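Structure record follows, encoded as structure tokens.
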Amino acid sequence: MKFNVALTLLLVSLVGIAIQGCHCKVVQFIFGDSLSDVGNNKNLPRSLAQASLPYYGIDFGNGLPNGRFTNGRTVADIIGDNTGLPRPPAFLDPSLTEDVILENGVNYASGGGGILNETGGFFIQRFSLWRQIELFQGTTELIKSKLGKQAAKFFQDARFVVALGSNDFINNYLMPVYTDSWTYNDETFIEYLMETLQKQLLALHNLGARKLMVFGLGPMGCIPLQRVLSTSGQCQERANKLALSFNKAASNLLVNLASKLPNASFKFGDAYDVVNDVIRNPYKYGFNNSDSPCCSLGNIRPALTCLPTSTLCEDRSKYVFWDEYHPSDSANELIANELIKKFGFLDVNSHAPAPAPESAIAPSPDE
């Protein structure tokens, strides 16, 4: 009799689980470029866009290079930590399995990648957004084979982040070695980007993405590389205007898609003003340098990557930029916290403790 009761309760429980769907954690699927890459390019042996040399990762975990293009954490790392989302591993992480995906999601971001397939071609190996979406499609098939019908709810509950676009300008349109630079003008190039991005977002929706945020561009004309390439050392305003135009067009695109796609919560995250204010008024935020990289070869600029022979600034927490392209951990933390406040991000896995911060800015090796 007791066995029959126990068996009945077990069957009722299993039926209940089947009806309610997947009781999985909410995870992230991140599509991006070097600002979000956590190790994909490190595992692309022919890629020229890598963060595999010291001093990358010096303020993260064991201090060794981990594939992040900064001294510590990315903005995505910090937003995830502060909102109860696990840190998704790189797609090319050798330890990635179905169970790891269900617990942590996946990060497909790739340094040098862009919305367009042709962007960043001189880096040889990188994942464009189209390629990242193809890899995600493989992930959906893997999870469907494990969860069956419950996989649909897993992906519907997941958070999707798309954060690309700056390389389409800096490592494509604004460089005369690319045909796009003379095929389009400013207006038609942004139209080309939006037409492509729309197809990509529709593809993600068809693959199950429902809660998705596209992040806009910051003032890319103010990164150290753009400043040093100008004649005055000031921000290159044409690049900044292109970023603003991109953001306006992408925002309109997201509003349009959200109104048409079923059950879609598609949002645009405009961080331009936040990042611009940090760069224009660094002292207001506790920084003392926002125009040059912490890791540099002194007067030999631009050094397109941080090298073991580079010299580090005395206090990494006071520099907005880590190298010629990328923000420092301290800047990423400030930007992430401002975005959390601006967009009202909530803790989605409140029962799960956030990872302890892995970044504690240490003195430079030569201090």
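Atoms considered below: every heavy atom in the structure, side chains included; atoms not considered: hydrogens, waters and symmetry mates. Being a predicted model, the structure only gives us computed values, none of them experimental.
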Just by modelled atom types, is the [Y] backbone N or O under 3.5 Å from a matching donor or acceptor in the [X] side chain?
X: S110; Y: G113; result: no
X: R126; Y: G120; result: yes
X: T140; Y: Q137; result: yes
X: Q50; Y: G67; result: no
X: Q28; Y: R159; result: no
X: N41; Y: G111; result: yes
X: K42; Y: L92; result: no
X: Q226; Y: Q236; result: no
X: N289; Y: S292; result: yes
X: N66; Y: G57; result: no

Is there a side-chain contact between P327 and L35, using heavy atoms and a 4.5 Å cut-off? yes
So that I know where these two stand, are F136 and F155 an aromatic pair - ring centroids less than 6.0 Å apart? yes
Are the gamma sulfurs of C295 and C306 separated by less than 2.5 Å? yes
Approximate separation, where rounding is to 0.5 Å, of [X] [atom1] and [Y] [atom2]:
X: I190; Y: L242; atom1: CD1; atom2: CG; value: 5.5 Å
X: C24; Y: L147; atom1: SG; atom2: CG; value: 5.5 Å
X: N71; Y: W322; atom1: CG; atom2: CH2; value: 5.0 Å

Looking at every non-hydrogen atom in both residues, tell me the closest pair between [X] and [Y] and how far apart they are.
X: L217; Y: S166; value: CD2-N, 3.5 Å
X: D77; Y: V38; value: OD1-CG1, 4.3 Å
X: P219; Y: I279; value: CG-CD1, 3.8 Å
X: I30; Y: A76; value: CD1-CB, 3.7 Å
X: A163; Y: S36; value: CB-OG, 4.3 Å
X: V320; Y: A331; value: O-CB, 3.2 Å

For [X] and [Y], does a side-chain donor sit closer than 3.5 Å to a side-chain acceptor?
X: N185; Y: T188; answer: yes
X: D37; Y: S34; answer: no
X: Y192; Y: D180; answer: no

Can you list everything that forms a ring pair (Phe, Tyr, Trp, His ring centres under 6.0 Å) with Y319? Sequence neighbours excluded, please. none
Applying ring pair (Phe, Tyr, Trp, His ring centres under 6.0 Å), name anything that partners Y173, two or more places apart in sequence or on another chain. F189
Would a hydrophobic clustering, with Ile, Leu, Val, Met, Phe, Trp and Tyr connected at side-chain separations under 4.5 Å, put L202 with M194? yes
Looking at K199, I'd like to know if its NZ atom is crowded, meaning that more than 12 non-hydrogen atoms belonging to other residues, nucleotides or ligands lie closer than 6.0 Å. no
Check ion pair K144-E141 (N to O, under 4.0 angstrom): no
Thinking salt bridges, do D329 and R316 make one under a 4.0 Å N-O criterion? no
Residues 98-107 vs salt bridge (Lys or Arg N to Asp or Glu O under 4.0 Å), sequence neighbours excluded, gives K25-E103, D99-K146
Taking salt bridge (Lys or Arg N to Asp or Glu O under 4.0 Å) as the cut-off, I'd like each qualifying pair that reaches into residues 181-197, sequence neighbours left out, listed once. D186-R238
Which pairs pass side-chain hydrogen bond (donor to acceptor under 3.5 Å, both in side chains) with one or both residues in residues 200-212, sequence neighbours excluded? H205-R210
Holding to side chain to side chain contact (heavy atoms under 4.5 Å, CB included), I want the full list of residues that pass it with T119, two or more places apart in sequence or in another chain. L116, N167, D168, N172
If the condition is side chain to side chain contact (heavy atoms under 4.5 Å, CB included), which residues does L307 pass it with, not counting sequence neighbours? L53, L297, T305, T309, S310
May I have all residue pairs that pass ring pair (Phe, Tyr, Trp, His ring centres under 6.0 Å) and include part of [range], sequence neighbours excluded?
range: residues 62-95; result: F69-H326, F91-Y108
range: residues 213-241; result: none
range: residues 276-300; result: none

For F123, the other hydrophobic cluster members (4.5 Å side-chain criterion, sorted by chain and number) are L48, F122, I124, M175, V177, Y178
Between D273 and K342, is a salt bridge (charged side-chain N to carboxylate O under 4.0 Å, His left out) present by the stated rule, with each step listed? CA-CA 11 Å; D273 290 343; K342 183 174 181 178; 5.1 Å; no
Would you mind telling me which of V162, L129, L261 makes a side chain to side chain contact (heavy atoms under 4.5 Å, CB included) with L201? V162
Residue pairs passing the disulfide (SG to SG under 2.5 Å) test where at least one lies in residues 135-170, sequence neighbours excluded: none
If you draw the axis of the six-membered ring of F60, does the NZ or CZ of R73 fall within 45° of it and under 6.0 Å from the ring centre? no
